[in-house]
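Single-structure report; data block below.
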Amino acid sequence: MGKPILEIKNLSAKVADKEIIKNLNLTINAGEVHALMGPNGTGKSTLSYILTGKPGYEITDGEILFHGRDLTTLKPEERACAGIFLSMQYPVAIPGVASNNFLKHAVNAKRKYEGKPELDAAEFLKLLRGVAKDLDISAEMLKREINVGFSGGEKKRMEILQMSLLQPKLAILDEADSGLDIDALKIVAEGVNKWHNNDNSLLIITHHQDLLNHIQPDVVHIYADGHIVKSGDKNLAIELEKSGYKAFVDTKE
Amino acid sequence: MKLTEQDITLWGNDIPWLAGLREKGMRAFTATGLPTAKTEAWKYSFNAVGNMENLQIDTAPHECNGHCHHSEELPFAAYYIDFCNGKLQGEHFDLPRGVSVKPLVEAIYDGDAKSYLNKSFAVEKFPFAALNAAYLEQGAMIVVERNTVLDKPIVIRYHAHKSQNLFCNIRNIIALEARAKAEIIEYIDIEESTCFHNAVNEIFLAADSILKHYKLQKEGKTKYVSLNSVQQRSNSHYKCFVLQKENALARHESYINLLQEGACAEVDGAYRLNESGVSDITTNIRHLAPHTTSNQLVKGVVAGKAKGVFQGQIHIAPDAQQTEGHQLHRALLLSDEGEVDCKPELEIFADDVKCSHGATCGDLDKEQLFYMQSRGICMEEARQILIEAYLQEVLNMIDNSEIAAWISKNL
Amino acid sequence: MAQKAEILKNLDEKYKYGFITDIKADTVPCGLNEDIIRMISAKKNEPEWLLERRLKAYRHWLTMKEPTWAKLIYDKVDFQALSYYAAPVQKKQPKSLDEVDKNLLETYNKLGIPLKEQEALAGVVAVDAVFDSVSVATTYRAQLAEKGIIFCSISEAIKEHPDLVQKYLGSVVPYTDNFYACLNSAVFTDGSFVYIPKGVKAPIELSTYFRINAKNTGQFERTLIVAEDDSYVSYLEGCTAPQRDENQLHAAIVEIVVMNNAEVKYSTVQNWYPGDKDGKGGVYNFVTKRAACRGVNSKVSWTQVETGSAVTWKYPSCILQGDNSVGEFYSVAVTHHKQQADTGTKMIHIGKNTRSKIISKGISAGFSNQTYRGLVDVGINADNARNYSQCDSLLIGSACGSHTVPYVRNRNKTAVLEHEATTSKISEEQLFYCQQRGLNEEEAVGLIVNGFCKEVMQKLPMEFAIEAAKLINISLEGSVG
């Protein structure tokens, strides 16, 4: 396996004075797919917000390194441009802003950060069309205001579309399969698999097995009470599906 | 003789602070005078005030012994307080522990009223409340003590005894102490007389108290102007419902100050005017602290030559973050000569707020009418059904089902 | 195409238009009295009837009081300290564009308004350039004249088309209308005149570009647009002023007359100097704009993007007199720092089946205060009148204010009126979402604000819209964080 992309060491964090993450350790190497599994409402999303720098989340202890570089002092957009992408569980609607316009801004923000020339309308459209086709996203949908009136499935496809366009080094998929029917799930998984290579890595946050049937994880972590209680290979997920979380959470306590 | 020149001796003019308060009221009223088209808060209804010159205050002791009012019993258990010709009837009221009702003069004499009178608003801003202060005498003071939950509503009935050109000037103080809870119904039932009612309620809600305030005005020829000035402390809840029926003028003005966090005010109302008259619901809700909320829904039906007015202001002060204020006025205008005027106003100085207002005005839906006719319902009946359904939405805001049923019947 | 875009181009500085043109001006002494008015009238070589009108207006103005009902706080204007006429001195009256003073041409070039004509008419805009009190040039006149369209300065129109001017001037906004309109009627100096004859559709967009240059001068321009039966015109208006520490007064009148089946689109991008961040200087913009839809099926739409002026008092209105006439008002107002705006519209429904639509988007930032004030009035005979109003406000920062005061008056039972308003702020969720995709905070705010205004921006001519979007972003620079 490759060099570490993300290293989380002894991380503790709180939100609104409540400690959510307690002494968490996690290393993800290039080329790896990790799955973080845990019951609903235990703060899995909190971890994704900490990694992406959402305001209101405070790190009380520990460190986060991205490509060996301290992440915690960077602004959210700097982290994004550096290569961290979060597919959100509930992407927010921005009325009046056409999806394709938004995507162009995002792509060019990253290009600017990397010192590359910005794409003009024609170049961008060419890029966008190719990616959208793979995800079965119509030109019509790209004209709609971003996430406004989108179904759950449409939102998730739009998130994966952005991932494909932005080509991050680390993608975090937070409940990326919610609201998807089986066909849409396959399309999303294909999109992710197509992007994934030995150079980048993936952290899948989910509370059930479904997505993992289509994207094979290298490592499965069981998350409870603010940290990882057990790690294993993909069979751990299958075991978990059978026995439920209770067994794992209880053994710890 | 002008009302302001009538030589009357009010009780207690030898009490310096009271005399001062009356004097200040008269000064403020003389300075502003009666409202005109330029008085923003009276823009649409100033005309209905009319000539006040022939009005007289009834100075003689009123001795109807309760016979001049028909003492309509409401279809639910309640405590009653009666006013006749602008005068409070009786001196002692049979109320459960923790609740006290006194005539205003007694409350002034005892020293209880001083810390409340004119404390919730500035007389300079409200011409009729200034006039009310100038003639301050009649009224009641209701206090619900800490942790007291009133078992039955208090009903305040206002009557008048076939008198003409009577000027009734009433000031009530309603104070709920911490965690107290009460329901107060004001029932204005003046059919015969052409009096001018000038009422002011000063309402003080301490922390965690809940007041449900209903004001029902029956049909009549009267002019009724009222100011309901409310001061709310933390987490108190003021829920008001106003029903106005046809009168020469019916104006319910709310001036609500949400002073501390968590305070919540709701003012809902309905008006229904069939032939003439002016109905005016004016509200000014001031969010002065964070996490305060307000909601208003007013629906009206106007026919004949009548006029319906709704003015609602939501003010959000600079530090009142995370507040929510919503306001909706809907009116049906059913005649060629009727008029509906509306001014929903937002005044916002804080950024983290959610505010909205809406207003609609229109006739009954022709498709719906036709649909009902096609099922054999005659036009008039179909209209009635639709109007009732229209007003039902706002009646649903009343959470006491007995009171709701009674109001619904009176509509 | 280029000219339109350039009106607002090169916005990389805070207020790019703050420069002063060094040109000799012919001014009248400060102060206002009947002699001054006679002097202005004489300088302009006006007919007697106009002078009489001016004096009548002036005498009426003396009886009027400055309105105080708007939610605006500013140092009152000393009307005696102003000069009511300033004209750049040119060697001789230019007969064609070639003869216009080089210094003036240069000024408009710097502003991005080249006063030159191209051979082909496609994609160009005819410009009337008003510099302080006078119109200095009007382009494409000959080409327009071929179609019977009159596009010239109002001063010329008074001389060359006195019948038209006498018939329509003051017919929509009478001199008694309000304090500032009355003042304008007494002292107006120049402006544009547009006449579209029956059945003619203007082949290009017409525009006026207003520039205040001279110090201590009020600008009182007067625009009159008449659209005869079955005609159409799209008209654009742009404004800038030098950066001066004193407040400058701009009190204009725009009158539009629309006859049967005619349509007028009036778009404004107002970028008067807004004052500095402490509220020093800037333009007082006290303007009366009104359109009379006199004919059946006539239509007027006002579209405005306002980012400038220290104080704005402005309510472009529609009198919907003709049956089936339509009035529209689309507005974006941005206030930042200590700017104040009290603006909105009036829709007066008189004729049957009249329709109106109001979309107002207000964005307040910094220490600014903004009020939407609107009136929808449905008269007794306005059967089946329809109005839809939507007023949305966006607040950026906690020191600004946003107010909505809609007046609705209905005296017709067949009317259907709807009003909606919301006030909100940019949500942290939206900001974070944009940042997660690599946009910095300022870009994110710009994107969200432009999305918020979309409905209005779509109503502007395309190139104008792109530049207006940039203008909004620049106006809001430094408003977050």
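Order of the sequence lines sets the chain letters (A, B, ...), proteins ahead of strands, with each chain counted from 1.
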- request: Please work out which of the three classes, parallel, tilted or perpendicular, describes the rings of B:Phe126 and B:Phe121, given edges at 30° and 60°.
  value: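 The rings of B:Phe121 and B:Phe126 stand perpendicular, inter-plane angle above 60°.
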
field: Derivation and outcome, salt bridge (charged side-chain N to carboxylate O under 4.0 Å, His left out), residues B:Glu219 and B:Lys245
entry: CA-CA 5 Å; B:Glu219 272 145 38; B:Lys245 300 199 68 182; 3.1 Å; yes

- request: Output the residues of residues 277-290 of chain B for which the shortest heavy-atom distance to chain C is under 4.5 Å, in residue-number order; output 'none' if no such residue exists.
  value: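 Within residues 277-290 of chain B, no residue comes under 4.5 Å from chain C.
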
task: Could you tell me which residues in residues 337-358 of chain B have at least one non-hydrogen atom under 4.5 Å from a non-hydrogen atom of chain C, sorted by residue number?
output: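 The stretch touches chain C at B:Gly338, B:Glu339, B:Val340, B:Asp341, B:Cys342, B:Lys343, B:Pro344, B:Glu345, B:Leu346, B:Glu347, B:Ile348, B:Phe349, B:Ala350, B:Asp351, B:Asp352, B:Val353, B:Lys354, B:Cys355, B:Ser356, B:His357, B:Gly358.
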
task: Return yes if a side-chain donor-acceptor contact under 3.5 Å exists between B:His329 and B:Gln327, otherwise no.
output: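 No, no side-chain donor-acceptor pair sits under 3.5 Å.
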
message: Less than 3.5 Å apart, any donor N or O on the side chain of C:Thr288 or C:Asn178 sitting next to an acceptor on the other?
response: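 The answer is yes; a qualifying pair exists.
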
For chain B, which of [options] has the most heavy-atom pairs under 4.5 Å?
options                      : value
C:Ser389, C:Gly397, C:Ser364 : C:Gly397
C:Gly401, C:Ala421, C:Cys391 : C:Ala421
C:Leu394, C:Val405, C:Asn412 : C:Val405

Under 4.5 Å heavy-atom distance to chain C, tell me which part of [X] shows up: side chain, backbone, both or neither.
X        : result
B:Tyr44  : side chain
B:Lys366 : neither
B:Glu40  : side chain
B:Gln311 : neither

query: Going by the salt bridge (Lys or Arg N to Asp or Glu O under 4.0 Å) test, which pairs reach into residues 379-396 of chain B, not counting sequence neighbours?
result: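 Salt bridge (Lys or Arg N to Asp or Glu O under 4.0 Å) check on residues 379-396 of chain B returns B:Lys299-B:Glu393.
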
field: Residue pairs involving residues 359-384 of chain C (criterion salt bridge (Lys or Arg N to Asp or Glu O under 4.0 Å); sequence neighbours excluded)
entry: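 Residue pairs with at least one partner in residues 359-384 of chain C: C:Asp342-C:Arg373, C:Lys361-C:Asp392, C:Lys361-C:Glu455, C:Asp377-C:Arg411.
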
More than 12 heavy atoms of other residues, nucleotides or ligands under 6.0 Å from [atom1] of [X]: is that the case?
X        : atom1 : answer
C:Ile73  : CD1   : no
B:Glu275 : CD    : no
C:Tyr388 : OH    : yes

query: Is the Lys NZ or Arg CZ of C:Arg290 less than 6.0 Å from the centre of C:Trp302's six-membered ring, within 45° of the axis?
result: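 Geometry flag: not set, cation outside 6.0 Å or 45°.
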
- request: Kindly confirm or rule out a cation-pi arrangement of C:Lys76 over C:Tyr74, judged by NZ or CZ under 6.0 Å from the six-membered ring centre and within 45° of its axis?
  value: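 That pair qualifies as a cation-pi contact.
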
task: Report yes if the side chains of B:Val301 and B:Leu273 come closer than 4.5 Å at any heavy-atom pair, otherwise no.
output: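 SC-SC contact between B:Val301 and B:Leu273 ruled out.
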
- prompt: Which heavy-atom pair separates B:Ala129 from B:Val123 by the least distance, and what is that distance?
  reply: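 Scanning both residues completely, I find the closest heavy atoms to be O-CG1, 4.4 Å.
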
query: What part of C:Ala415 lies closer than 4.5 angstrom to a heavy atom of chain B: side chain, backbone, both or neither?
result: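 Backbone only.
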
